[in-house]
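Just below is one structure, and these are the notes that go with it.
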Amino acid sequence: MSEDAILSLKGLVIGYDLPLVKPITLDVHAGEIIAILGPSGIGKTTLIRTIAGLVRPLDGTFHLHVGRRGSLGYIPQRLGLVRHATVAHNVSLGARLSVGWSRTMFKDRKERTFEAIRTLGIEEKASEPVRRLSGGQQRRVATARTLAQRPRLMLADEFLGELDQTNVDIVLSAVHELVEEGTAVIMVEHHEDNAKDFATRIWLIKDNHLHDYSLEEWLDIDESSWREQHLGEEE
Amino acid sequence: MKYRLFGIVFILFFMAWQTLDGLVEGDWGRLEGGLSNLVVFFEESMWPPNWKVLEARSYPVCEQDIEFFCSVGYLGMMETLKIAFVSTILGFVGAISLSSLAARNLMPLYISLPVRIFLSAVRSLPSLIWAILFVIVIGFGPLSGVLAMTFYTVGYLGKLQYEVFEGMPNDPLEAGRAMGLSRPSIVMNIVIPENSNHLLSQLMFMFEYNVRHGTVIGIVGAGGIGYYINTYLKFLQYDKVFALLILIFIVVVLIDLLSLAVRSFVNEEGDVRKPTWLNMLIQARKRRSKSGDVA
């Protein structure tokens with residue numbers, strides 16, 4: 001394990017009944033943005049859910065070096081928002097974890113909540129129930145929740161999918177704000193182009209193996225031969 | 001699929017009919033003349049309703065400006081409403097604490113199972129039996145009624161609530177768990193807001209139920225309008241009983257309308273248009289939506 005590792009995977013085997021990927025041993029460092037690529041059903045979401053503590057690993061261990069409570073932000077595929085509650089309530093769930101007990105706790109939570117809401121440009125929707133927002137706006141709410149949480153590790157499952165470019169830019173600038181503060185980000189991504197735009201590291205899951213590339217290594221791979229070799233039916 | 005469903009309904013209906021036939025041991029003759037008996041009873045004893053129940057009682061002397069506020073109907077109904085209100089609120093708070101412990105998606109089996117068994121035990125005694133128990137323990141009066149209804153509400157609402165919690169989408173719960181929210185925080189900030197529509201609906205249903213059953217528990221001495229109904233029944237004053245039943249019916253309808261108004265703030269339909277009192281009464285919106293004219 002290197003000094004600034006946030007997450008260490010040691011011989012981690014993921015899957016529900018049968019292993020999906022061969023044992024994974026990796027470190028994730030502060031400030032990294034990792035995109036997980038690979039064909040559908042290969043185990044990308046299972047890997048994220050295992051790291052989030054929602055699925056038991058079949059073997060091996062993973063260790064979050066920054067503690068568990070509040071240091072892990074998670075945006076599932078369906079966003080995990082409380083649909084009948086307001087935008088402000090949803091975002092405050094993140095702030096609740098990042099603001100410790102103090103006399104000014106409630107004021108601080110409120111400030112952090114509205115700071116995140118402003119950053120994502122949804123201040124005029126703050127008092128509306130989430131169910132009334134569009135898909136893009138809901139993704140912004142989920143991002144604001146994570147931004148207010150200030151986690152050390154952010155996990156997101158395909159949350160850029162179906163977003164228009166304006167929303168992608170807004171969401172990614174918020175993610176970069178977190179990364180500048182030392183947060184590591186692991187995102188499942190379906191579009192290789194998106195991944196190349198924002199990631200600093202690529203994890204490709206293919207043929208039951210997780211291949212770890214830096215962005216430079218990834219860009220050096222000849223695209224046509226890479227697609228044939230790795231993504232197969234995906235493209 | 002449609003025919004299969006029809007077949008299943010037919011078989012169930014046939015089984016119910018056979019069971020009923022077994023229960024009455026084939027003696028259907030008792031039904032003969034039943035309807036005419038009912039008509040005679042209604043015409044001679046109940047009709048017209050005696051609205052004296054809405055006038056001031058002769059004793060104690062009425063000190064109110066408006067006589068209605070000293071009437072049997074008003075005083076009895078107000079006491080029933082108070083018993084129902086207090087027991088619904090107390091029962092709701094008790095039920096929500098227990099149901100969040102009983103839901104399988106929120107708690108491990110070793111916690112949820114004993115709580116479920118406890119809720120079943122509380123629910124298995126009808127409110128009338130609870131009322132008799134509390135009348136024995138603490139005597140006649142509204143406090144016995146409140147305690148009886150509260151216990152029954154906990155058992156009944158508790159089951160409805162944990163079933164709703166178990167049916168909620170999993171992703172908000174998973175997000176809360178992965179983020180590190182504590183279990184009480186997940187219940188307070190995710191589970192309750194996400195199910196607010198169902199919870200409000202159940203709360204209003206339970207209030208209505210408690211108003212209706214408040215009349216029954218009054219009969220065993222636990223206070224409310226039931227006490228007066230019981231008195232009139234004993235003196236064979238069925239016209240007064242009928243007037244009080246109409247009063248109960250009106251209150252139940254009003255509670256139902258109130259429920260619709262309250263729930264419109266949290267349900268999806270409310271996003272389209274908040275219902276007005278008028279279209280709640282005449283269902284105008286339903287007709288408009290059928291013709292595709294929903295704003």
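Source: prediction; values computed, not measured. Per chain, numbering begins at 1; letters A, B, ... match sequence-line order.
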field: Close contacts, residues 102-123 of chain A versus chain B, judged by heavy atoms under 4.5 Å
entry: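 If one takes a 4.5 Å heavy-atom cut-off, no residue of residues 102-123 of chain A lies near chain B.
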Those residues of residues 175-188 of chain A, ordered by number, that approach chain B below 4.5 Å (heavy atom to heavy atom):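 At a heavy-atom separation under 4.5 Å, chain B is reached by no residue of residues 175-188 of chain A.
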message: How long is the straight-line distance from CD of A:Q138 back to NZ of A:K125, given to the nearest 0.5 Å?
response: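 The CD atom of A:Q138 is 11.5 Å from NZ of A:K125, to the nearest 0.5 Å.
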message: Just verifying a value: how many Å separate B:L203 CG and B:I89 CD1, rounded to the nearest 0.5 Å?
response: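 One finds 5.5 Å between CG of B:L203 and CD1 of B:I89.
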Polar contact flag, side-chain donor to acceptor under 3.5 angstrom, A:N167-A:R140: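 Present: a donor and an acceptor within the cut-off.
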- prompt: Is it the case that A:S134 and A:Q137 place a side-chain donor and acceptor less than 3.5 Å from each other?
  reply: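 Judged by distance alone, the side chains do pair up.
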With side chains defined as the heavy atoms from C-beta onward, is the minimum distance between [X] and [Y] less than 4.5 Å?
X      : Y     : answer
A:L64  : A:S71 : yes
A:W203 : A:L26 : yes
B:E79  : B:I83 : yes

query: Of all residues at least two apart in sequence or in a different chain, which pass the side-chain contact (heavy atoms from CB on, under 4.5 Å) check with A:P76?
result: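 A:P76: side-chain contact (heavy atoms from CB on, under 4.5 Å) contacts with A:Y74, A:R145, B:D171, B:A175.
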task: Under 4.5 Å, counting heavy-atom pairs only, tell me which of A:L93, A:L81, A:V82 racks up the most with chain B.
output: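 Highest number of heavy-atom pairs under 4.5 Å: A:V82.
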query: Does B:E174 pair with A:R49 as a salt bridge, N-O distance under 4.0 Å?
result: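 A salt bridge is present here (some side-chain N lies under 4.0 Å from a carboxylate O).
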message: If we define contacts as heavy-atom pairs under 4.5 Å, which of B:S185, B:P169, B:P172, B:S182 has the most with chain A?
response: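 Ranked by contacts with chain A, first place is B:P172.
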task: Answer with side chain, backbone, both or neither: which region of A:L79 has an atom nearer than 4.5 Å to a non-hydrogen atom of chain B?
output: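 Contact with chain B involves the backbone of A:L79 alone.
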query: chain B heavy atoms under 4.5 Å from A:L97: which part of the residue, side chain, backbone, both or neither?
result: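 Contact with chain B: side chain only.
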message: Is it the case that the ring center of B:W130 lies less than 6.0 angstrom away from the ring center of B:Y152?
response: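 No, the ring of B:Y152 stays outside the 6.0 Å limit from the ring of B:W130, centre to centre.
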task: For B:F92, check ring pair (Phe, Tyr, Trp, His ring centres under 6.0 Å) against everything at least two apart and list the hits.
output: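 In terms of ring pair (Phe, Tyr, Trp, His ring centres under 6.0 Å), with neighbours along the sequence ignored, B:F92 is linked to no residue.
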